[in-house]
Engineer: 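Mind looking over this structure? Questions follow.
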4 protein chains.
Amino acid sequence: MTELTMTAAWSPTDNTKPNALLEKYRQVRNSSESLCEPLEIEDYGIQTMPDVSPPKWHLAHTSWFFETFILGPYLKNYTDFNPAFARLFNSYYEQVGEFHPRPQRGFLSRPTVREVMAYRRHVDTGMSELLDNGLHPDYDTIHKLTIIGINHEQQHQELLLTDLKHIFSMNLLKPVYRELPLKKQPAAQLHFLQQAGGLIETGHRGDSFAYDNESPRHRSFQEPYRLASRVITNGEYLAFMEEGGYGRPELWLSEGWSAIKRGVFDSPLYWQRDGEQWLEFTLGGMRELDLDAPVCHVNYFEASAYAQWAGKRLPTEAEWESVAARQFIKGNLRDAGYLQPMASSEENGYSQIYGDVWEWTQSAYSPYPGFRTPAGALGEYNGKFMCGQYVLRGGSCVTPADHIRASYRNFFYPADQWQFSGIRLAEDAA
Amino acid sequence: MTELTMTAAWSPTDNTKPNALLEKYRQVRNSSESLCEPLEIEDYGIQTMPDVSPPKWHLAHTSWFFETFILGPYLKNYTDFNPAFARLFNSYYEQVGEFHPRPQRGFLSRPTVREVMAYRRHVDTGMSELLDNGLHPDYDTIHKLTIIGINHEQQHQELLLTDLKHIFSMNLLKPVYRELPLKKQPAAQLHFLQQAGGLIETGHRGDSFAYDNESPRHRSFQEPYRLASRVITNGEYLAFMEEGGYGRPELWLSEGWSAIKRGVFDSPLYWQRDGEQWLEFTLGGMRELDLDAPVCHVNYFEASAYAQWAGKRLPTEAEWESVAARQFIKGNLRDAGYLQPMASSEENGYSQIYGDVWEWTQSAYSPYPGFRTPAGALGEYNGKFMCGQYVLRGGSCVTPADHIRASYRNFFYPADQWQFSGIRLAEDAA
Amino acid sequence: MTELTMTAAWSPTDNTKPNALLEKYRQVRNSSESLCEPLEIEDYGIQTMPDVSPPKWHLAHTSWFFETFILGPYLKNYTDFNPAFARLFNSYYEQVGEFHPRPQRGFLSRPTVREVMAYRRHVDTGMSELLDNGLHPDYDTIHKLTIIGINHEQQHQELLLTDLKHIFSMNLLKPVYRELPLKKQPAAQLHFLQQAGGLIETGHRGDSFAYDNESPRHRSFQEPYRLASRVITNGEYLAFMEEGGYGRPELWLSEGWSAIKRGVFDSPLYWQRDGEQWLEFTLGGMRELDLDAPVCHVNYFEASAYAQWAGKRLPTEAEWESVAARQFIKGNLRDAGYLQPMASSEENGYSQIYGDVWEWTQSAYSPYPGFRTPAGALGEYNGKFMCGQYVLRGGSCVTPADHIRASYRNFFYPADQWQFSGIRLAEDAA
Amino acid sequence: MTELTMTAAWSPTDNTKPNALLEKYRQVRNSSESLCEPLEIEDYGIQTMPDVSPPKWHLAHTSWFFETFILGPYLKNYTDFNPAFARLFNSYYEQVGEFHPRPQRGFLSRPTVREVMAYRRHVDTGMSELLDNGLHPDYDTIHKLTIIGINHEQQHQELLLTDLKHIFSMNLLKPVYRELPLKKQPAAQLHFLQQAGGLIETGHRGDSFAYDNESPRHRSFQEPYRLASRVITNGEYLAFMEEGGYGRPELWLSEGWSAIKRGVFDSPLYWQRDGEQWLEFTLGGMRELDLDAPVCHVNYFEASAYAQWAGKRLPTEAEWESVAARQFIKGNLRDAGYLQPMASSEENGYSQIYGDVWEWTQSAYSPYPGFRTPAGALGEYNGKFMCGQYVLRGGSCVTPADHIRASYRNFFYPADQWQFSGIRLAEDAA
């Protein structure tokens with residue numbers, strides 16, 4: 001992860017260097033494999049719930065993406081590494097063909113890790129040929145698709161770590177991904193900073209890369225509001241628990257309360273009671289809960305109930321973006337899988353906007369006004385998921401730094417806990 | 001239903017007649033029972049899926065509402081009809097106590113219909129005593145709660161018919177609730193009328209009754225748009241089906257497509273193929289599908305896929321309300337359970353705004369800006385359901401006429417078909 | 001039930017009186033309806049789990065049986081009461097046609113009780129015409145089928161009460177079917193009586209009626225054994241519970257232990273703790289547990305675990321029948337739904353052989369040597385269920401007295417508790 | 001597998017050589033690892049359904065067995081390799097402690113294969129120390145337990161191959177375990193050989209090793225019967241399918257028919273239609289179906305329906321054993337994972353008694369008369385599973401040759417197809 005976090009934000013339109021794109025491609029592809037260095041061969045194939053994909057699957061699927069959308073259509077005489085991979089490593093693109101059932105991704109001992117790495121080399125060779133010197137007649141399209149593929153791979157780098165944490169957590173042996181430093185720092189004071197609202201703009205601006213769901217940029221009207229200066233800490237969340245938060249139906253959305261009554265969750269994921277204290281499973285193994293670190297792995301129901309208990313609310317995504325758009329993204333904000341308060345990243349009074357935890361907003365994941373699903377299989381990337389999910393903003397400690405931006409819309413189901421998701425509060429201005 | 005549909009809109013704040021509220025109370029209570037006149041005793045206890053409640057349960061639950069929130073707290077010496085009813089007929093108010101599991105409402109042969117009617121009389125006697133002449137020291141509160149109770153009962157009148165249709169549909173004998181007239185009329189031409197948008201207001205205005213979720217009235221910004229002059233007909237929907245609509249994944253939200261692949265639905269609910277033609281089950285029994293009548297019993301996935309296929313979109317609730325607020329609600333628009341095009345109700349170029357089918361909007365059911373869940377058990381009425389559902393507008397042919405208004409927000413899950421729900425399209429202005 | 005229990009055992013082959021069969025037919029049909037006298041109309045339609053059928057369904061299905069297997073084929077010009085009933089009231093006869101799904105028997109408000117009673121009259125009229133004076137050319141076949149139909153209806157009389165108990169038990173109001181006398185008597189001393197074993201015969205003998213699964217009569221070899229003089233009492237079972245019986249895995253079959261861990265059961269069905277004492281729901285309502293009465297509503301896992309705990313075992317069906325064949329069946333042994341020790345029925349040292357509780361045997365329900373499934377739809381009566389179930393013997397307090405015999409093989413799944421099932425122990429002779 | 005199949009039957013009571021047991025121990029332990037030689041590291045961790053365990057789990061669990069029941073109690077100063085393994089690799093012994101949930105055995109990337117092999121070495125070192133020279137004061141007990149452990153490991157060798165076949169079959173890439181010879185031979189003529197029956201003996205005899213469930217040896221009475229000379233072939237089973245066997249409810253047990261209607265199975269497992277012909281997945285990959293080879297991977301429902309269709313029945317286990325006890329077990333009968341008719345093994349007119357397919361009997365898996373579950377955790381080995389399963393006899397092509405014997409009782413649920421299970425018919429003598 002270190003390599004990535006040192007990387008300054010990358011401008012995909014910088015064409016002054018002819019092979020800038022190819023270089024970026026290689027760098028991102030290498031990063032995926034670097035992330036896997038601490039793994040044993042056995043770790044690559046495990047799936048512990050339908051949401052989780054095995055590391056090996058992430059490595060192969062990202063390659064399939066380049067093969068299917070770029071190499072197949074544009075590289076003359078390209079030969080598929082293995083025709084069966086079209087089915088095995090298609091995630092959900094209905095228009096591309098049938099796909100292996102998601103809950104069975106952990107059934108695939110073959111291809112082996114070695115074969116998957118060979119698949120990656122095969123795809124890399126093709127991509128190098130295609131990107132080299134930019135002379136291909138369809139280079140503009142290829143360029144655009146490659147940038148999507150690179151961003152897609154970055155998303156899967158994050159998912160790979162998120163899923164790995166779940167995989168390791170289900171094992172009694174509690175394996176350690178990597179020793180993580182313990183940088184306990186006191187949390188900053190929490191305060192609420194006023195924003196004027198009015199007719200504000202939301203959505204991607206400029207010609208750098210963004211996903212389709214971040215467009216079109218559009219206006220919306222907001223009443224004045226206040227956004228919290230930092231995210232909620234473990235200690236603050238623990239106070240909610242100790243005051244019986246999980247036993248008070250009036251704080252919860254009906255669906256969340258029903259899940260609590262069925263015993264589905266009763267604390268953030270990966271928390272574990274140990275006598276008087278609480279432990280937390282991290283990519284660095286089991287640790288004592290750091291009360292000053294951001295609360296993480298809470299679902300939307302928990303975020304919403306916490307806000308209700310605190311007499312506040314969650315922000316809308318427009319409110320959040322309006323503030324974030326004025327924040328600078330520093331390098332090296334993140335430390336894969338372990339969280340500490342980021343006092344240093346403070347700006348305009350706000351801290352932890354980027355790269356600590358994904359912050360639940362109260363906004364259901366919907367198309368922006370004027371959004372139309374693009375035609376073709378890549379149109380399935382985002383639009384078809386705009387139902388039943390909520391938007392999260394800001395990126396987490398496992399998001400590649402150059403994959404974070406103010407307009408980025410992440411989305412998950414309200415019951416999902418396995419993401420690195422936390423809470424920033426808001427309130428109406430008086 | 002005839003009685004209800006003749007009723008002019010009722011102003012709950014009209015206090016010129018001292019017993020206006022009591023009269024209204026009696027009228028609505030009687031209507032619930034009138035709706036049940038065509039039923040056999042055996043029909044009152046059936047539950048055909050967890051969403052459906054038996055007619056008897058609706059009759060008792062609405063009485064429980066008055067007993068729990070008004071008679072118990074405010075009528076001196078009031079005695080519960082049967083203390084066990086507190087549990088049997090609580091729908092979902094966690095703060096009031098435990099409740100009988102929803103999927104087991106069809107397990108209750110007792111209380112009998114006769115006993116439920118006696119329960120209603122017992123509650124009515126109490127309410128009459130309480131409301132008479134308005135002399136109770138807490139009359140203002142009682143007045144407000146009674147109006148909520150009346151509106152609550154009207155909601156259940158609609159649900160009673162909706163549920164009864166489902167109950168009858170699951171029976172091979174296809175019972176008839178009531179002979180319904182067959183008023184086939186050609187559908188009007190479909191056109192899209194331009195709206196200017198801008199900073200528009202949404203939400204309840206004035207001091208007439210409205211639910212908490214219709215407030216606060218607030219501003220939002222809308223780009224110019226066009227809203228369809230009428231709802232989509234069966235014939236138009238059939239064209240979508242005949243062009244393979246249910247077999248084209250690119251038209252569907254992911255969750256809807258997944259349900260289709262599992263065989264959950266493949267046409268509007270209650271449609272049944274009969275050789276070359278289509279039949280439809282109605283409260284008047286099985287009928288030939290009326291191609292000019294509004295398509296009904298489609299879920300959100302179907303509404304959204306139809307819009308996608310038609311190259312349009314669903315309206316937001318703000319867009320819809322902005323138009324509807326300028327429409328007049330005529331009496332007698334509805335004919336319980338059977339739908340025909342309402343050419344006569346046209347105004348400003350729009351028809352069928354009220355009282356034909358609930359119209360799916362693209363708006364996820366969320367709190368309005370500034371909304372706070374009220375304290376106390378009645379705060380559970382709406383707020384806790386603001387997750388995973390979509391807003392529907394306009395009322396249907398089984399909604400009591402004086403229960404329909406421009407700001408009314410109905411909400412259901414995207415997979416729900418059993419409501420009288422249809423489709424009105426919108427599009428961005430060029 | 002009183003009428004039935006007074007009836008002496010009936011010989012279906014007694015042809016001295018020409019209309020003996022018709023008389024028996026009428027008597028049994030009347031009994032079914034007499035059993036329903038205490039019911040409200042609302043009670044007739046309820047189904048509380050897939051195993052349970054609504055009372056109305058029992059009344060109609062038994063009529064369907066006569067209509068389908070006798071009236072249709074043999075009564076000239078017979079007209080079906082309603083052709084849709086062929087599907088609604090077929091229980092499981094695949095060769096007769098499609099059938100309404102079992103878990104949806106509670107969805108049928110129609111036909112009404114009145115219509116079902118009219119259906120019964122329609123069938124009775126047909127049967128009277130057919131049976132009268134025995135002059136029909138196929139009278140022998142009709143006679144045989146009628147006797148099956150009568151026995152079938154008697155089975156359903158028992159099921160009707162069994163199911164009704166479950167239906168009432170799921171209602172918080174705990175309705176009373178009929179006030180039952182409380183005849184507390186001390187349980188007799190429990191002792192084990194020696195049987196010689198050897199080459200013994202099992203199965204139906206003679207020309208009286210028996211089901212196909214009771215044949216062929218055949219020999220098997222048994223080592224000497226001892227059978228308990230009476231069934232286990234509530235008090236004895238309570239001792240097992242108080243010694244932690246439900247917490248000791250070594251006593252349980254794996255499947256039973258797994259169900260306990262999932263919380264499926266933790267006492268006999270219908271037992272309910274009330275502070276220090278135990279209550280039991282009966283057809284006479286909630287009562288204090290009678291420690292001297294037979295334990296009832298235990299499943300096979302519980303019977304087997306109790307035997308393990310007691311250092312004994314359950315008998316095989318051959319062992320049981322060998323003893324029972326020498327017992328006399330007295331009239332009036334039973335009192336529908338309430339159990340007391342039957343000290344008076346003692347004979348050869350054994351008591352409670354018949355008519356208290358169905359006694360679990362350790363014998364899996366299998367075909368007797370030489371058994372062949374009869375051809376035709378009636379061949380589905382028993383043979384196809386010979387998988388995964390266990391045999392119970394002896395009849396219970398809700399079995400019609402003239403439907404009990406030594407060779408009768410009842411069978412249920414090992415997890416079933418809702419039958420009136422209890423425990424008689426056995427052990428190997430020293 | 002070759003090594004094993006060459007091995008002559010082993011007499012565990014041969015004490016003339018002091019280290020005979022230790023030698024046997026080493027030989028069986030080595031065999032388990034030899035079976036894994038063709039595997040990739042990635043193959044060791046996969047679980048494709050709850051019944052299937054990953055190969056790694058089999059390797060570790062068999063070691064856990066020796067550690068838990070022998071090394072822990074008897075080897076002075078023995079240190080557990082890893083205390084967490086007590087929980088991870090306990091299969092189902094409730095009396096030993098908690099265990100990792102069976103459906104989550106595929107969640108364990110750690111311990112790695114290398115660590116599991118080190119675990120095996122650790123256990124082997126302990127066992128060598130314990131068994132060497134037989135001088136331990138508890139040697140008799142250790143000897144007995146070691147023989148159980150060796151047999152237990154042999155069972156898991158079979159399961160390892162059975163499970164691996166399922167694992168590979170679920171992968172679109174259809175991996176090959178090992179190239180298997182294609183020895184097509186015409187099936188022998190099928191005839192039915194008469195047996196006299198009478199008072200016959202069943203169960204283990206002598207002092208060689210057998211499981212507790214094979215005792216006590218006991219008498220039972222059998223009428224004369226005829227047993228088929230060989231098992232049913234693929235070709236014969238195909239004829240049943242082509243005559244609509246899967247569409248005729250009268251041939252099926254109710255539970256089997258219900259599964260067919262739900263689409264659970266419609267042919268033997270691993271069969272796959274390919275245009276006009278049938279293919280079969282084997283441990284040697286996909287192959288054309290060999291019509292002369294024994295039908296394999298049929299469940300009890302299919303075996304029973306086939307017998308019904310053929311006008312025959314399945315044998316009881318007593319009938320089968322009475323014949324098998326007179327057959328000689330030849331070496332090298334089996335060829336792991338591929339089946340061909342064994343004309344050469346004919347004796348007394350019977351062929352294929354041992355080592356081709358496990359043969360379903362009609363006998364429910366029940367305790368033999370006089371069987372008592374042994375005390376202690378090893379008492380859980382067999383007794384607690386005596387519910388809902390059927391007995392299979394004879395061993396299959398993946399059973400170690402010296403693990404097959406006439407009295408061996410294998411048992412599976414009637415719906416299970418993933419075992420190497422086939423059909424031998426029987427009929428009553430005229």
Side-chain angles (χ1 to χ4, degrees), chain B residues 36 38-50 52 54-57 59-60 64 81-90 97-101 103-117 119 163-177 285-286, chain C residues 36 38-50 52 54-57 59-60 64 81-90 97-101 103-117 119 163-177 285-286:
Chain B
C36 294
L39 301 191
E40 299 283 351
I41 294 287
E42 288 87 342
D43 298 328
Y44 284 85
I46 307 290
Q47 178 177 38
T48 43
M49 63 170 176
V52 161
K56 191 170 70 177
W57 193 90
L59 294 176
W64 168 89
F81 182 76
N82 183 332
F85 287 12
R87 184 166 183 162
L88 287 182
F89 299 119
N90 177 1
E98 303 241 327
F99 44 87
H100 185 75
Q104 301 185 5
R105 289 181 185 166
F107 289 5
L108 303 172
S109 58
R110 318 291 178 90
T112 64
V113 173
R114 202 180 329 106
E115 287 163 338
V116 167
M117 291 305 183
Y119 180 36
D163 292 353
L164 189 69
K165 185 169 181 177
H166 194 267
I167 291 166
F168 279 177
S169 79
M170 296 297 283
N171 192 330
L172 195 57
L173 302 175
K174 302 293 179 222
V176 169
Y177 168 64
M286 289 302 297
Chain C
C36 295
L39 300 191
E40 300 284 351
I41 293 289
E42 290 87 341
D43 298 329
Y44 283 85
I46 308 290
Q47 178 177 39
T48 42
M49 64 168 175
V52 161
K56 192 171 69 176
W57 193 91
L59 294 176
W64 167 89
F81 183 76
N82 183 331
F85 287 13
R87 184 164 183 163
L88 287 182
F89 299 119
N90 177 359
E98 303 243 327
F99 45 86
H100 184 77
Q104 301 185 5
R105 288 181 185 166
F107 289 6
L108 304 171
S109 58
R110 317 290 178 90
T112 62
V113 174
R114 203 180 326 106
E115 287 163 338
V116 166
M117 291 305 184
Y119 180 36
D163 291 353
L164 189 69
K165 184 169 181 178
H166 194 267
I167 291 166
F168 280 178
S169 78
M170 296 298 283
N171 192 328
L172 196 58
L173 302 175
K174 302 292 178 221
V176 169
Y177 168 65
M286 291 301 296

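Reminder, nothing fancy here: chain letters follow the sequence lines and each chain counts from 1. Quick caveat, the model's predicted, so the values are computed rather than measured.
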Engineer: Which value, rounded to the nearest 0.5 Å, describes the distance between B/T48 atom OG1 and B/M170 atom CE?
Structural biologist: 6.0 Å
Engineer: Take B/L59 and B/Y44, measure what side-chain contact (heavy atoms from CB on, under 4.5 Å) needs, and give me the verdict at the end.
Structural biologist: CA-CA 9 Å; B/L59 294 176; B/Y44 284 85; 3.8 Å; yes
Engineer: Is there a side-chain contact between B/R87 and C/L172, using heavy atoms and a 4.5 Å cut-off?
Structural biologist: yes
Engineer: Does B/R114 CZ have over 12 foreign heavy atoms under 6.0 Å away?
Structural biologist: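 It does not: B/R114 CZ has 12 such atoms or fewer within range.
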Engineer: Between C/Q104, C/K56, C/E42, C/E40, which residue shows the highest count of heavy-atom pairs closer than 4.5 Å to chain B?
Structural biologist: C/E42
Engineer: Go through the atoms of B/F168 and report whether side chain, backbone, both or neither lie under 4.5 Å from a heavy atom of chain C.
Structural biologist: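 Just the side chain, heavy atoms under 4.5 Å.
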Engineer: So, using ring pair (Phe, Tyr, Trp, His ring centres under 6.0 Å) as the criterion, who are the partners of B/F107 when residues are at least two apart?
Structural biologist: none
Engineer: Which region of B/Q47, side chain (C-beta onward) or backbone (N, CA, C, O), has a non-hydrogen atom less than 4.5 Å from a non-hydrogen atom of chain C, or is it both or neither?
Structural biologist: backbone
Engineer: If you tally heavy-atom pairs under 4.5 Å against chain B, which of C/I167, C/N82, C/L88, C/L39 wins?
Structural biologist: C/L88
Engineer: Between B/L108 and chain C, with a heavy-atom cut-off of 4.5 Å, which part of the residue counts as in contact: side chain, backbone, both or neither?
Structural biologist: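 Contact with chain C is through both the backbone and side chain of B/L108.
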